[in-house]
Number of protein chains: 2
Amino acid sequence: MNTLAEENYLKSIYHLSMGDENVSTNQIAAALNTKASSVTDMLKKLADKALINYTRYQGVSLTPSGQKIAVSIIRKHRLWEYFLVEKLNFRWDQVHDMAEEMEHISSEELIDRLDKFMDYPQHDPHGEPIPDCNGNFKSSELKPVSALELNNSGVISGVRDQTSSFLQYLEKQELTIGKSIKVMEIIAFDHSVVLQIENKKEVHISREAANNLLVAL
Amino acid sequence: MNTLAEENYLKSIYHLSMGDENVSTNQIAAALNTKASSVTDMLKKLADKALINYTRYQGVSLTPSGQKIAVSIIRKHRLWEYFLVEKLNFRWDQVHDMAEEMEHISSEELIDRLDKFMDYPQHDPHGEPIPDCNGNFKSSELKPVSALELNNSGVISGVRDQTSSFLQYLEKQELTIGKSIKVMEIIAFDHSVVLQIENKKEVHISREAANNLLVAL
DNA sequence: TTCACAATTTAGATAAGTCTAAATTTTTTA
DNA sequence: TAAAAAATTTAGACTTATCTAAATTGTGAA
């Protein structure tokens, strides 16, 4: 098995590489609140174990076996979050740190039984998809935000229009991949939409933008 | 908070000191599958934190704050075991190692909610009492084995006759404090009893012995 | 295209927890 | 009660994961 530190590195690399490309040492250091030199050390160790592809100064990506471990940890994290909210009645904003500890409980059988006990939930309390016991995510049919109804929520998962002007606009609005959004208001006359991002800040986007921003769930 | 290693030492010391007196370095080393020298190092550390009373060569006992931590870990362990058996349908002999990991999940609120979710169970799947959120064990009224009926089970928790000959006899039969027993047979003519120890070996004890051996539950 | 700066890696150190081997203390026993 | 045996502690070393400071590599701007 892998150490707690290794698992956390793999998970971070997985999350950071959602925007595909290689992940940089500094990105990982920032995500894990550690120093770049510590990251370098760990990257060598993970590369030795064949869990990442690593060449000096070039950043890293997960190998298939590294990816498998990362997905398994994410599955555990999300199932425990679901448990904490649905069974123990925690609020969705209280569960992250607890799940951060629980995701390292090693037994796969335990997590599969927990999955069954909760009747195979598809999404965690934050709307993130929960991978199944084979590591497959539900083929999330992405929908444009414009197809959502009032109070629907989802996770930003893609864009239709890939021009850099649109992407730059999204970046500025903090409407980036992985963020969860909720439809707060739909303006009838121009079909523009008010979204709440990560349960915090609200933004108002045009019908055209809503047509081109894809969400999962 | 305390490290995982510290928590495991405190738990071991707690369990080993059930027979009251001071616990020896070698006893702890045996329980934790480590070396006596490692134990000595840790004892110094725990003594510095005022969690144990320690004088060189004299063994250790828990201070009130050390005891409090140990009981809290035991509470977590037993509640998780109960969860695994009652909610996830594991067998009682499968859950120990998993609970060994889960007992280190730090949140007290989590464990209190889990306790409530399961409706405040009094005993874990092995019949051990579960301390409440204040660390109090249900005042387990001890019964002599002779008062049990067929198929009843319990955990050996004390003796009436404290002569060393009786204690030595119990030691030899492996009928020691903490072992769980089940009544397999009661011989009508002499009231002797056949017990199964820890779901394994069976022993046959006299009416007199059964009268003097106390179990909880 | 070169140079300055940013990113990354290396070198050397630290803390936790463990180990082996040697030294010390306690206990047993003759 | 003194020597032998057992238990315990100390000394010194190792591993993991981290850090700071210095060295190296890559890259963007002039």
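Quantities reported herein were computed from a predicted structural model and do not represent experimental measurements. Each chain gets a letter, A, B and so on, in the order the sequences are listed, and its residues count up from 1.
Taking atom CD of residue B:E6 and atom P of nucleotide C:dA15, one finds them 16 Å apart after rounding to whole Å. D:dT10 atom P lies 6 Å from atom OH of B:Y54, rounded to whole Å. Here the P atom of nucleotide C:dA16 and the CG atom of B:L46 are 13 Å apart, to the nearest Å. Residue A:D48 contributes atom CG, which lies 11 Å from atom P of D:dT16 at whole-angstrom precision. Computed from coordinates, the B:L43 CG to D:dA7 C1' distance equals 13 Å when rounded to whole Å. Separating the CE atom of A:M42 from the P atom of D:dC19 is a distance of 11 Å, rounded to the nearest angstrom. In this structure, the CD atom of B:Q58 is 10 Å from the C1' atom of D:dT8, given to the nearest Å. The interatomic distance linking B:Y9 (OH) with C:dA16 (P) rounds to 14 Å, in whole Å.
You'll find the side chain of A:Y82 stays beyond 4.5 Å of the side chain of A:L114, heavy atoms only. Put simply, the side chain of A:L88 reaches to within 4.5 Å of the side chain of B:L110, judged on heavy atoms.
A salt bridge links B:R113 with B:E109; the closest basic N to acidic carboxylate O contact falls under 4.0 Å. Using a 4.0 Å cut-off between charged side-chain N and carboxylate O, A:R75 and A:E108 make no salt bridge. A salt bridge is defined here as a Lys NZ or Arg NE, NH1 or NH2 lying under 4.0 Å from an Asp or Glu carboxylate O, and B:E103 with B:R78 fails to meet this definition.
Taking the centre and axis of the six-membered ring of A:F83, the NZ or CZ atom of B:K87 falls outside the cone set by 45° and 6.0 Å.
If you check every strand for non-hydrogen atoms under 4.0 Å, A:T25 touches sugar and phosphate atoms only.
Taking 4.0 angstrom as the limit, B:N26 places a side-chain polar atom (N or O) nearer than this to OP1 or OP2 of D:dT8. Listed pair B:R56 / C:dT26 fails the phosphate criterion, with no side-chain N or O lying under 4.0 Å from OP1 or OP2.
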Nucleotide N/O to protein N/O under 3.5 Å, stretch nucleotides 19-23 of chain C:
from	atom 1	to	atom 2	distance (Å)
C:dC19	OP2	B:T34	OG1	2.5
C:dC19	OP2	B:K35	N	3.1
C:dC19	OP2	B:S38	OG	2.7
C:dT20	O4	B:S37	OG	2.9

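For the side chain to side chain contact (heavy atoms under 4.5 Å, CB included) test with B:I156, the passing option among B:L142, B:L213, B:L195, B:L170 is B:L213; the others fail.
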